[in-house]
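A quick write-up on the structure given underneath.
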Number of protein chains: 2
Amino acid sequence: MAASRDPSSPCVTFLKERESDCVHCAIRASALFAELDAAELDQRLKAIHNGLVRSNTIIYSKGDPAEAVFTLRNGVVKLVGADADDAPRILRILGRGAAIGLESIDGGTYAHTAVAMRDLNLCRIPKSALLSLGGQHPGLLTGLATKWREHAYWSERWIGTLCTGKQSTRVPALICLLAEISGDPLSAVRLPRSSDMADVLGCSVEGLSRRMAKLKRKGLLRRVAPWTYSCAPELLTWGRVVDPLGE
Amino acid sequence: MAASRDPSSPCVTFLKERESDCVHCAIRASALFAELDAAELDQRLKAIHNGLVRSNTIIYSKGDPAEAVFTLRNGVVKLVGADADDAPRILRILGRGAAIGLESIDGGTYAHTAVAMRDLNLCRIPKSALLSLGGQHPGLLTGLATKWREHAYWSERWIGTLCTGKQSTRVPALICLLAEISGDPLSAVRLPRSSDMADVLGCSVEGLSRRMAKLKRKGLLRRVAPWTYSCAPELLTWGRVVDPLGE
DNA sequence: CGGATAGTTGACAGGAGTCAAGGTATGTGG
DNA sequence: CCACATACCTTGACTCCTGTCAACTATCCG
């Protein structure tokens, strides 16, 4: 659970760090620089570095000075805040193409702790690069606006489906949401450790475990590999979650 | 609870409608057009109208074509979505200076239902005006970005303090949040009807009523006028909600 | 003065947290 | 390859929180 980070470094250390190749990036269409053309990118983005990060690594911690925004090329990241009792609370889960730390960039410090939930491939965009580009390129702002809109969409789905109702409806909703975020097919959804799922739902691990057990017993969820589950399509009808446990 | 709106109109009808005077608007600094100078405003914003709206009026409904964004000059508005069981769920509460419907403006239809919680004074900015201005004024986009950031901030506080834990901590947190949004002093917070508060917290009205009763019994909440309560400052230490009911 | 809507309170039942014990994985070192 | 340590997950028993149902009261209007 405890993640490792070199405390002497102002920022997470990448494994296999290298300069980014934004022009040929597979996720460019969905990333921040979608609006900039190839020539612009090639010329300006020397400051952006790309690298790998191991599962459980803290990318940044709440309160750290916000020096950079990260773009997630691959993997899944959790943003952790605290609830009223200082218990950890996962506020968002981000998948491929997400911008991480955007909400902090002009606040000075990061508003949450970002932790890798799998091995990741991400790009670090220094604050300075982002600001100087932003001043000159309205197109970048459009990209930012898109990110904010996505953010709003997810927050509301989060509140509407993950924070209300009985556990027996929220757990399946979470599984489906995770499948969607990570891009996994329903036949092989990779689930995080249960304490993470509990921190998303704001429930106890035991409670979560019981619902999962029941889903398995009913044949709606089947373990196909470590951390990987195949879930029945009836598990939820999208948009409107029915209670598959009949509780 | 059911609010009235003229179904034949494509949009909410204002009482006392008139052209807006954005240049002299008291909340301009916090509104969308903060970045535009007075001359620009005066010249371009003929399309923006200002008007009053009665408490309980539906400003727009989920699924309506998104023709306009509204800026709230005064009052409080709730955005209502539905949870997994189709029960109403209040996703956000907006106060003075807020932009309403922003998240829908390029989605075609509104993503929530917006309802006046008090008598309001608001401005209607047609989609077309917003888009044409946006194309020419990067500064407007900065204003938009600010709105999105505020949105993110509130969503996360919402999830962190209103969706987790026992009712006895969440109810006081809600009261304080409402005071902050509406700008009321703690000595005279105007609270909405209890079904609204219950829809924010995702709990039953009865449950809410019990917590309120206990707060009153403990002298932490005192009714000073209809809908208006004075709450003790110990009721919550900001940022970190302690359980004032000791439950 | 009714009639409607909103809020309150009690009794009860079911959901969910907590504590404690045992089980299963995953990884390390011999 | 096995033994062991550690973390993670599961299950049961118990208690407390919270929703539901129902009756009652308060408030607001015309």
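Keep in mind the model is a prediction, meaning the values are calculated, not measured.
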From the options [options], select the nucleotide whose nearest atom is closest to the side chain of [X].
X: A:S204; options: C:dG17, C:dA16, D:dC9; result: C:dG17
X: A:S209; options: D:dT10, C:dA6, D:dC8; result: D:dT10
X: A:Q167; options: C:dT26, C:dG17, C:dT9; result: C:dG17

Next item on the list: To the nearest 10°, let me know how far the axis at one end of the helix from C:dC1-D:dG30 to C:dG30-D:dC1 is tilted from the axis at the other, five pairs an end.
Entry: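 Rounded to the nearest 10 degrees, the bend comes out at 40°.
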Mind calculating the distance between [atom1] ([X]) and [atom2] ([N]) to the nearest angstrom?
X: A:R223; N: D:dT10; atom1: CZ; atom2: C1'; value: 14 Å
X: A:D199; N: C:dG17; atom1: CG; atom2: P; value: 12 Å
X: A:E206; N: C:dA21; atom1: CD; atom2: P; value: 14 Å
X: B:R193; N: C:dT8; atom1: CZ; atom2: P; value: 14 Å
X: A:R211; N: D:dC9; atom1: CZ; atom2: C1'; value: 15 Å
X: A:K214; N: C:dG14; atom1: NZ; atom2: P; value: 13 Å
X: B:M197; N: D:dT18; atom1: CE; atom2: P; value: 16 Å
X: B:L221; N: C:dT8; atom1: CG; atom2: C1'; value: 15 Å

Taking the side chain from [X] and the backbone from [Y], do they hold a donor-acceptor pair closer than 3.5 Å?
X: A:R89; Y: A:V200; result: yes
X: A:D196; Y: A:R193; result: no
X: B:R124; Y: B:A68; result: no
X: B:T113; Y: B:K62; result: yes

Notebook entry, point to check: With nearest nucleotides of DNA chain C determined for A:W227 and A:C203 from heavy-atom distances, which residue corresponds to the more 5′ nucleotide?
Noted result: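 Looking at DNA chain C, the more 5' nearest nucleotide goes with A:C203.
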Next item on the list: Using heavy atoms to find the nearest nucleotide of DNA chain C for A:L208 and A:P226 separately, return the residue whose nucleotide is more 5′.
Entry: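 Checking each residue's closest nucleotide, the 5'-ward one belongs to A:L208.
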Notebook entry, point to check: Between B:D119 and B:R54, is there a salt bridge with N-O shorter than 4.0 Å?
Noted result: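 A salt bridge is present here (some side-chain N lies under 4.0 Å from a carboxylate O).
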Item checked: Residues A:E180 and A:R157 bridged, charged N to O under 4.0 Å ->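 A salt bridge links A:E180 with A:R157.
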Notebook entry, point to check: So does A:R210 reach the base of C:dT18 with its side chain, donor to acceptor, closer than 3.5 Å?
Noted result: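 Such a pair exists between side chain and base.
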Checklist line | Phosphate-side-chain proximity, B:K166 and C:dG17, N/O vs OP1/OP2 below 4.0 Å | finding: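 For B:K166, the contact criterion (side-chain N or O under 4.0 Å from OP1 or OP2 of C:dG17) is not met.
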Next item on the list: Would you indicate, yes or no, if D:dC8 has its OP1 or OP2 atom less than 4.0 angstrom from a side-chain nitrogen or oxygen of A:S194?
Entry: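 Looking at the OP1 and OP2 atoms of D:dC8, neither is under 4.0 Å from any side-chain N or O of A:S194.
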Check: Angle class for the B:Y110/B:Y60 ring planes (parallel below 30°, perpendicular above 60°, tilted otherwise)?
Finding: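 Ring orientation, 0 to 90° scale: parallel.
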